[in-house]
Protein chains: 2
Amino acid sequence: MAVARRSGQERIPPHPDIQTIGLQQVLEALVDPVRRQIVSELYAARQDLACGTIDLPVSKSTATHHFHVLREAGLIRQYYAGTSRMNALRRDEIDEAFPGLLRALVARRDRE
Amino acid sequence: MAVARRSGQERIPPHPDIQTIGLQQVLEALVDPVRRQIVSELYAARQDLACGTIDLPVSKSTATHHFHVLREAGLIRQYYAGTSRMNALRRDEIDEAFPGLLRALVARRDRE
DNA sequence: ATCGTACTTTGATGGATGTCGTACGATGCT
DNA sequence: AGCATCGTACGACATCCATCAAAGTACGAT
């Protein structure tokens with residue numbers, strides 16, 4: 001029998017089309033402060049970041065979970081670069097599907 | 001000993017100052033679809049509505065709970081008119097504290 | 001006074017989800 | 001080959017929260 005190849009880029013499950021994502025799912029993703037931190041840092045950095053370069057107040061396995069939720073919600077795109085998993089904010093797509101949302105949530109000096 | 005009077009307007013606990021509310025709390029309030037429905041209807045109606053005039057897919061006690069959460073999050077103001085509890089969206093205050101947020105969340109044709 | 005209306009309070013319950021530790025997988029470097 | 005790095009997968013666990021039914025409170029009308 002054929003064994004699943006799954007080499008190269010195939011290590012990441014397909015990303016959802018952003019148009020199929022509802023506001024509900026996006027909000028559920030963004031309501032978690034850790035996930036909002038991730039999005040904020042990607043937004044501010046204006047470049048893709050490896051999971052490891054964002055330091056989060058949670059364990060590694062929990063961090064993985066949060067990146068997963070963000071990916072499923074259509075907010076980030078992930079790809080591998082060597083052993084590093086890179087994260088890209090899907091900014092334009094988000095802005096098109098949910099105008100004003102990112103800006104309202106992320107472009108704040110959060111002292112919270 | 002004096003018994004608490006609690007007549008007239010005093011039936012509603014004090015409303016929080018909107019400046020003391022964090023984005024986190026506001027998001028937690030708005031992530032629930034029932035609560036977003038309430039806010040949306042108040043937004044669209046452009047006038048205060050009694051609890052009873054918004055029909056929600058939940059029991060009355062659950063509805064009370066949702067109005068409570070919205071009030072604590074600084075999103076609505078409540079007052080009595082006879083036996084009806086009226087709800088006012090604190091629109092300008094919200095817009096000032098969280099610019100763009102209401103618009104992004106509510107001004108969508110939600111088929112979700 | 002009694003009744004109806006409108007909503008609240010209380011207590012219980014169930015389901016979802018954020019959290020972690022440990023084990024595992026994939027890649028790159030020496 | 002061997003090892004370190006980077007991150008995932010799998011349970012397990014605790015907490016939080018939306019939900020409801022039932023009983024209670026406040027007000028207005030009859």
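First the proteins, then the strands, lettered A, B, ... as listed; each starts at 1. Basis for what follows: all heavy atoms, side chains included, without hydrogens, waters or symmetry-related copies.
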task: List in chain and number order the residues that pass salt bridge (Lys or Arg N to Asp or Glu O under 4.0 Å) with B:R91, two or more places apart in sequence or in another chain; answer none if no residue qualifies.
output: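 By the salt bridge (Lys or Arg N to Asp or Glu O under 4.0 Å) rule, B:R91 matches no residue at all.
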
Set of salt bridge (Lys or Arg N to Asp or Glu O under 4.0 Å) partners for B:E28, sequence neighbours left out: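 Scan of B:E28 (salt bridge (Lys or Arg N to Asp or Glu O under 4.0 Å), adjacent residues dropped) gives none.
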
Ignoring hydrogens and angles, write down the donor-acceptor pairs under 3.5 Å from the side chains of residues 71-78 of chain A, residues two or more places apart or on other chains.
{"unit_1": "A:R71", "atom_1": "NE", "unit_2": "A:Q78", "atom_2": "OE1", "d": "2.7"}
{"unit_1": "A:R71", "atom_1": "NH2", "unit_2": "A:H68", "atom_2": "ND1", "d": "3.2"}
{"unit_1": "A:R77", "atom_1": "NH2", "unit_2": "A:E93", "atom_2": "OE1", "d": "3.3"}
{"unit_1": "A:R77", "atom_1": "NH2", "unit_2": "A:E93", "atom_2": "OE2", "d": "3.1"}
{"unit_1": "A:Q78", "atom_1": "NE2", "unit_2": "A:N87", "atom_2": "OD1", "d": "2.6"}

What's the [atom1]-[atom2] distance between [X] and [N], to the nearest Å?
| X | N | atom1 | atom2 | answer |
| --- | --- | --- | --- | --- |
| B:E28 | D:dC16 | CD | P | 11 Å |
| A:Y79 | C:dA26 | OH | C1' | 18 Å |
| B:Q25 | D:dC16 | CD | P | 15 Å |
| B:E72 | D:dC17 | CD | P | 13 Å |
| A:H68 | C:dC20 | NE2 | C1' | 18 Å |
| A:L27 | C:dT17 | CG | P | 14 Å |
| A:R71 | D:dA9 | CZ | C1' | 13 Å |
| A:D32 | D:dC17 | CG | P | 12 Å |

Close N/O contacts between protein and nucleotides 28-30 of chain D (under 3.5 Å):
none

message: A side-chain contact here means heavy atoms from C-beta on lying under 4.5 Å apart; do A:V31 and B:L30 qualify?
response: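 No, every pair of side-chain atoms sits at 4.5 Å or beyond.
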
query: Is the shortest heavy-atom distance from the side chain of A:H66 to the side chain of A:D32 under 4.5 Å?
result: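 Side-chain contact under 4.5 Å: yes.
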
How far does [atom1] of [X] sit from [atom2] of [Y], to the nearest 0.5 angstrom?
| X | Y | atom1 | atom2 | answer |
| --- | --- | --- | --- | --- |
| B:F98 | A:L105 | CZ | CG | 10.0 Å |
| A:L56 | A:E41 | CG | CD | 7.0 Å |
| B:Q24 | B:I21 | CD | CD1 | 12.5 Å |
| B:L89 | B:D48 | CG | CG | 9.0 Å |

message: Count I, L, V, M, F, W, Y as connected when their side-chain heavy atoms are under 4.5 Å apart, and connections chain through other members. Are A:I18 and A:L27 then in the same cluster?
response: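 Cluster IDs for A:I18 and A:L27 match.
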
- prompt: Would A:M86 end up clustered with A:L70 when hydrophobic side chains under 4.5 Å apart are linked, directly or stepwise?
  reply: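 No; A:L70 is not reachable from A:M86 via cluster members.
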
Consider the side chain of [X], meaning its heavy atoms from C-beta on, and name the nucleotide among [options] that approaches it most closely.
| X | options | value |
| --- | --- | --- |
| B:T64 | D:dA18, C:dT19, C:dT9 | C:dT9 |
| A:R11 | C:dA26, C:dG18, C:dC7 | C:dA26 |
| B:Y80 | C:dT19, C:dC7, D:dA18 | C:dC7 |

- prompt: Within less than 4.0 Å of OP1 or OP2 of C:dG18, is there a side-chain N or O belonging to A:R35?
  reply: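 Yes, because at least one side-chain N or O of A:R35 sits under 4.0 Å from OP1 or OP2 of C:dG18.
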
message: For C:dT19 and A:H66 - does any side-chain N or O of the residue sit under 4.0 Å from the phosphate oxygens OP1/OP2?
response: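 So the side chain of A:H66 is within the cut-off, an N or O lying under 4.0 Å from OP1 or OP2 of C:dT19.
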
message: Would you say CG of A:D55 has more than 12 non-hydrogen atoms from neighbouring residues, nucleotides or ligands within 6.0 angstrom?
response: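 No - once you tally the heavy atoms of other residues, nucleotides and ligands closer than 6.0 Å, there are 12 at most.
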
field: Dot-bracket notation for DNA chain C, counting Watson-Crick and G-U pairs under 3.5 Å, with | for partners on another strand
entry: ||||||||||||||||||||||||||||||

- prompt: Which residues in residues 51-63 of chain B have at least one heavy atom lying under 4.0 Å from any atom of DNA chain C?
  reply: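 The answer is B:C51, B:G52, B:K60, B:S61.
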
